Amino acid sequence: MKWSNILKVALNSILRHRMRSVLTMLGIIIGVGAVIIMVSIGQGVQKQVESQIAGLGSNVLMIFPSATNQGGVSQAAGSRDVLTLDDVDKIKRDATLTANVSPIVRASAQTIGGIGNWSTTIQGVYASYLDIRDWQLATGEFFTDRDLSVRAKVCVIGKTVADNLFPGTDPVGEQLRIRSVPFKIVGVLTEKGQGANGQDQDDIVLAPATTVLDRLSGRRFIQQIVTSSISADQMQAAQVELTTLLREAHHIRPGDDDDFMIRSQTEIADAAASTTQVLTMFLASIAGVSLVVGGIGIMNIMLVSVTERTREIGIRMAIGARSSDVLIQFLVESVVLSVFGGIMGIVLGLGGAELISLVGNMATALNPPVIIAAFIFSAAIGIFFGFYPARKAAALKPIDALRYE
Amino acid sequence: MASEETISNSEAAGAPVIETRNLEKVYSNGEVEVRALRGVDLRIDRGEFVAIMGASGSGKSTLMNILGCLDLPTGGEYLLDGVRVNTLNKNELADIRNAKIGFIFQGFNLLARTSALENVELPLLYNRTRGNVDTSKLAHAALERVGLGERVDHVPSQLSGGQQQRVAIARALVNSPSLILADEPTGNLDSRTSVDVMSLFRELNDQGITIVLVTHEPDIADFTKRIVDVRDGMIRRDVMVANRRDPQVTLRELDRELAGEEDGH
Ligand SMILES: Nc1ncnc2c1ncn2[C@@H]1O[C@H](COP(=O)(O)OP(=O)(O)OP(=O)(O)O)[C@@H](O)[C@H]1O
Ligand SMILES: [Mg+2]
């Protein structure tokens, strides 16, 4: 039997049972669509994380208090009080492989200024912070080392804060009251957009670390130190040097554990990448299950249809169809169904991903290999799950099939 | 006897179309065994027009199914055009059903929800011997031949019984078989339509196609050239038809009767 004829017979039979065909395809449509939507979301998150981590700045090493087990109670990393501005200054003074260093002192606070109030995150940093992060100013300038030493009440605000408190005007020179302490705005950061967790990176106020410690946090300890090493090749050596310096500063005896930890930007990027990869895999495998269920749906309906169409098979055999013709007809039918379903699933998936990124304000990324794989997989499902029913049909004896009631 | 003439003619043409030797068929469903055929010796030559008659359950359909290569005998031999069917494999049997034999069923056995044209086209799609043919043109021609040229797009449910049987006949004809087997082709038709169908068979037979049909009705059998009586799986009587009826004449008589009835009212 010629291929064009096989296709004709299969297509006729699909069109003759429109409702059944659509129901059969539905499983594949939903399965393929779900795979594409899920992978798009996963990949979108992954891309976002990657770009955000790239935005951390180059050659960056971050120092956090380490996770410890104090009195049998384990505490999360970063929650311990060990890092101080003395550490920062020691690094600044003694480290040879570190180009810049800055503390990060975090406080969240209500700010009042311009047309109203706004609750945001305050970060106390050094003047070099901008260079470490590779951030830019839209207007004004950053505060200076002098501002730090005199604990000047100056700050630089992010785009979101500027837009909310000073819409349409230049905030530079204006006053911002943070927890009722008046700060003078000296600069505005350029827009950076969403961060990895979907948080707004522009919803931020930067102020001299000394001022923040003094006026806002009221504590001696800082949450984090960021440094940039002098070159990418020296990251490893810089990390060793920082460890030595801090162990010295914290009086840690040889053999005892560090009370801090140092993470490089690449380590963080790798960790984030593997997390998002796990997320993508997880989403894809959930969707994959629905694809397999769709395949079983095809098998189920093809099996029912073989029984239902026993007489038809008998008639075809009586007028000269070989077993192989019947086998191929049923296989082609299920492959055509699953491939059609696959194509419709791809359309649904692409549309769905687009809709999610528009309505859900979530980044999604198209992945051509996944689309092609979903398509090939749906065709393979057609062959795999269509084979058993097709063989069952082909094994019928013409006279038995004809007599079937 | 007239039969002698037929037999000697076809011997000159070569092997008989159908030759069975001590053909047996036993159906065994678990413990029960049904001996449906008990040694059938039948020889049918090219150009013959044979009616197989017999009581219900005598084994007519069983015999036809074996002759049509739809089923295999459990004993004896069946030679089709001199070829021993027992030795053929499944694919060869399928090809014989496709090209050599046109089988017509009592229940028509058309594909539902499929147009007359597509039904008739079907055997062409499974044909391996022909090269590129215009299947739809050939199917059209076959439907014209049975007088259904106007109804090509109708599906079986839109056709009368007689029309459905014509579609089935067109399907049997479309691959130009040398043998037509029909199991009670008129069993579901009224007498007028039955005569119509017999007239069609007569035409085909006149064109040289060998026809074997099963019927319960002696009236129908009289349109053929030879009657084979089957009883309990064996052939009991095999006679040539003495006064063969011409379906055309019968049709004219029926028309006249109808006209007369209308005049009477
Ligand atoms: N598939 C089968 N399994 C078991 N027995 C069968 C089968 N087919 C037919 N028979 C038996 O074989 C015998 C012959 O059946 P067959 O159908 O050939 O009769 P028939 O002459 O065609 O009858 P009818 O005129 O009613 O069609 C019957 O006794 C029937 O019960
Ligand atoms: Mg019968």
Side-chain angles (χ1 to χ4, degrees), chain A residues 1-22 24 304-333 336 390-405, chain B residues 25 27 61-62 64-66 68-72 89-115 117-133 135-136 155-156 168 170-175 177 181 183:
Chain A
M1 205 172 167
K2 278 185 306 202
W3 274 105
S4 57
N5 289 344
I6 291 170
L7 219 61
K8 190 171 167 183
V9 167
L11 281 180
N12 280 345
S13 146
I14 286 170
L15 289 178
R16 224 169 287 133
H17 307 99
R18 238 159 265 187
M19 190 64 188
R20 191 180 65 195
S21 306
V22 168
T24 313
V304 170
S305 122
V306 165
T307 314
E308 194 186 277
R309 287 158 67 188
T310 304
R311 258 188 99 79
E312 176 196 326
I313 295 164
I315 294 170
R316 288 181 186 278
M317 286 178 158
I319 59 168
R322 291 183 178 185
S323 290
S324 57
D325 291 333
V326 173
L327 181 92
I328 288 170
Q329 180 196 331
F330 274 78
L331 259 188
V332 168
E333 265 181 49
V336 166
R391 240 200 32 193
K392 215 179 145 197
L396 287 168
K397 284 208 195 99
I399 191 69
D400 295 338
L402 269 178
R403 271 210 206 101
Y404 185 86
E405 293 297 330
Chain B
K25 179 73 183 179
Y27 291 111
S61 293
T62 304
M64 288 299 271
N65 291 338
I66 291 171
C69 296
L70 290 168
D71 206 355
L72 290 170
N89 67 28
K90 263 169 58 177
N91 286 344
E92 289 167 326
L93 290 173
D95 293 349
I96 284 177
R97 289 196 297 270
N98 180 248
K100 198 175 259 184
I101 301 172
F103 208 104
I104 296 158
F105 305 87
Q106 176 175 359
F108 317 137
N109 272 340
L110 298 174
L111 289 191
R113 284 188 271 176
T114 304
S115 74
L117 189 74
E118 284 175 308
N119 262 297
V120 176
E121 230 177 331
L122 223 47
L124 293 167
L125 301 185
Y126 292 115
N127 192 316
R128 284 159 204 277
T129 50
R130 297 190 198 210
N132 265 340
V133 289
T135 55
S136 131
V155 297
R171 184 178 65 186
L173 288 176
V174 76
N175 261 331
L181 300 173
D183 192 356

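Below, read A as the first sequence line, B as the second, and so on, with proteins coming before strands; counting in each chain starts at 1. Computed from a prediction, not measured in an experiment: that's the story for all the values here.
At a 4.5 Å heavy-atom cutoff, B/A172 makes no contact with chain A through either its backbone or its side chain. When heavy atoms are compared at a cutoff of 4.5 Å, A/R309 does not approach chain B at all. With a 4.5 Å cut-off on non-hydrogen atoms, A/D400 does not touch chain B at all. Contacts between B/I101 and chain A at a heavy-atom distance below 4.5 Å are absent for every atom of the residue.
Here the side chain of B/D71 pairs no donor or acceptor atom with the backbone of B/N65 at under 3.5 angstrom. Here the side chain of B/N175 pairs no donor or acceptor atom with the backbone of B/P177 at under 3.5 angstrom. No donor-acceptor pair closer than 3.5 Å links the side chain of B/R97 to the backbone N or O of A/I319.
Nearest approach of A/I313 to A/A393, heavy atoms of both residues: CD1-CB, 3.6 Å. Nearest heavy-atom pair, A/V9 versus A/Q329, reported as atom, atom and distance to 0.1 Å: CG1-CD, 3.4 Å. Minimum interatomic distance between A/R16 and B/R113 (heavy atoms only, all atoms of both residues): CD-O, 2.8 Å.
Residue with the most contacts toward chain B among A/G314, A/S13, A/A321, A/P398: A/A321 (heavy-atom pairs, distance under 4.5 Å). Across A/R316, A/E312, A/M317, the residue that shares the most heavy-atom pairs under 4.5 angstrom with chain B is A/R316. Counting heavy-atom pairs under 4.5 Å between each of B/I96, B/T114, B/L93, B/L122 and chain A puts B/T114 at the top.
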